[in-house]
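In what follows, residues are counted from 1 in the order of the sequence shown. One-based numbering, in listed order, for ligands and for the atoms of each.
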Amino acid sequence: MLNEQLRRRLQAMPKAELHIHIEGSLEPELIFELAQRNGISLAYPSVEALRQAYDFTDLQSFLDIYYAGASVLLTEQDFYDMTAAYLRRAAADNVRHAEIFFDPQTHTARGVPFGTAINGIWRACQEGPISASLIMCFLRHLPEEDALATLEQALPHRDKLIGVGLDSSEVGHPPEKFARVFERARELGLHLVAHAGEEGPPAYIDSALDVLHVERIDHGVRCLDDPQLVQRLARERMALTVCPLSNIKLRVFDVMGSHNLRRLLDAGLAATVNSDDPAYFGGYVNANYLAAFEALPLDERHARQLAVNSFEAAFLDADSKRAFLDEVEAFFAPV
Ligand code: ADE
Ligand code: ZN
């Protein structure tokens, strides 16, 4: 429950964001600007009409519009502008460090070279104003061969990546489908994450851990359907990158009051709060904290725990992690 002081603390506290699809940060205004710049005609007559179409019934209904939105990205400058806009917005929410997903196959399938996408995104990340690193996601609705070819294309850019992930349509595309490409990514020393247990069953979380050997679970909210899995996730201190507004917009939960974030924390799970696709789901990371704390019995201790979890789960070197965690402790220290 949210009073004015807690609201200000949630906004001002230092935090990491670990689940943000950069293509999902493309605001309708920027979609129109890039469409005009690139001579692309859109299926919607105005920014308002496009925004009004953001009325989703499930993950797939969102993905259809999200991939259409990304079709305006053609040049390295487009990818740079999108990423720079997100980083400015994240800094305003006191995000100190972001681990940013991008979907190269969404672009290479349209004839945009892999290098165009990653170079634009990466250049913006180098320029700040916050610490940022990149996780390349494979689209799970496509065959594993396509993911393997994408990993090959990424090899000249290996140093720009901290990891690989797995996103897009979950049900019917279990983690096992991507065992070989994740094995190859592991050999390359990349960190591994996967969306699991967003719409899919808890068994997908188990196989993301056992078959793909992921180090974080993206979403994972459906783990509470399986008490044994919850015990395992707690024991292993496996981070879940939870995205409250996304879960409401995509109808994983009916209303924020029935979201399970508090129950995840009570079960001892390393939950974190993130925005997923902020331009589509009604807000950036602070809006996610505020919506969850408004609707659920969460207090300042939970705020602090979530900030700590966000840095503990980040793929940062030990010194950077310690420095960020010290910043959190100082922020919450009694005066
Ligand atoms: N791609 C972008 N957002 C996604 C989500 N929430 N789940 C799966 N794939 C995605
Ligand atoms: Zn996601």
Practice problem: Answer yes or no: is there a side-chain heavy-atom contact under 4.5 Å between Arg123 and Gln77? | Solution: yes
Quiz item: So which bit of Leu63 gets within less than 4.0 Å of ligand 1, heavy atoms only: side chain, backbone, both or neither?
Solution: side chain
Practice problem: Using the ring-ring contact (aromatic ring centres under 6.0 Å, His included) rule, pick out the option among Phe101, Phe138, Phe178 that qualifies with His195. | Solution: Phe101
Practice problem: Could you list which atoms of ligand 1 come closer than 4.0 Å to a heavy atom of Glu198? | Solution: 5 (C), 6 (N), 7 (N), 8 (C)
Quiz prompt | Which segment of Phe101 sits under 4.0 Å of ligand 1 when only heavy atoms are counted | solution = neither
Practice problem: Compute the ring centroids of Phe114 and His157, then answer whether they are less than 6.0 Å apart. | Solution: yes
Exercise. Take every heavy atom of Glu170, measure it against each atom of ligand 1, and state whether any distance is under 4.0 Å.
Key: no
Quiz item: What are the protein N, O or S atoms, given as residue plus atom name, that sit under 2.8 Å from the Zn ion (ligand 2)?
Solution: His19 NE2, His21 NE2, His195 NE2, Asp276 OD1
Quiz item: Short N/O distance, under 3.5 Å, between His19 and ligand 1?
Solution: no
Exercise. Look at atom 9 (N) of ligand 1 and find which of Ser168, Ser246, Cys243 reaches it with the closest heavy atom.
Key: Ser168
Practice problem: May I ask you to identify the nearest protein heavy atom to atom 3 (N) of ligand 1, giving residue, atom name and distance to one decimal place in Å? | Solution: Asp277 OD2, 2.7 Å
Quiz prompt | Atom indices of ligand 1, in the order listed, that fall short of 4.0 Å to a heavy atom of His219 | solution = 6 (N)
Exercise. Report yes or no: do Asp81 and Tyr86 form a side-chain donor-acceptor pair below 3.5 Å?
Key: no
Quiz item: With a 6.0 Å cut-off on ring centres, are Phe281 and Phe62 close enough?
Solution: yes
Exercise. Would you please indicate if the ring centroids of His141 and His173 are separated by under 6.0 Å?
Key: no
Which donor-acceptor pairs under 3.5 Å do side chains of residues 4-13 form with protein atoms, sequence neighbours excluded?
from: Arg7; atom 1: NH2; to: Glu294; atom 2: OE2; distance (Å): 2.9
from: Arg9; atom 1: NH1; to: Glu300; atom 2: OE2; distance (Å): 2.8
from: Arg9; atom 1: NH2; to: Phe331; atom 2: O; distance (Å): 3.1

Quiz item: When hydrophobic residues are tied together by side-chain contacts of less than 4.5 Å, even through go-betweens, does Leu188 share a cluster with Leu192?
Solution: yes
Quiz item: Do Glu329 and Arg304 sit within salt-bridge range, that is, some charged N less than 4.0 Å from a carboxylate O?
Solution: yes
Quiz item: How far apart are the C-alpha atoms of Arg51 and Glu29, what are their side-chain angles, what is the distance that settles it, and do they pass the salt bridge (charged side-chain N to carboxylate O under 4.0 Å, His left out) test?
Solution: CA-CA 9 Å; Arg51 217 184 275 281; Glu29 288 79 5; 2.7 Å; yes
Quiz item: Nearest protein heavy-atom contact for atom 4 (C) of ligand 1: which residue, which atom, what distance?
Solution: His21 NE2, 3.6 Å
Quiz item: Among all protein non-hydrogen atoms, which one is nearest to atom 6 (N) of ligand 1, and what is the separation to 0.1 Å?
Solution: Asp276 OD2, 2.7 Å
Quiz item: Is the closest heavy atom of Phe62 to ligand 1 under 4.0 Å?
Solution: yes
Quiz item: Are any of the side-chain nitrogens in Asp319 or Arg322 under 4.0 Å away from the carboxylate oxygens of its partner?
Solution: no
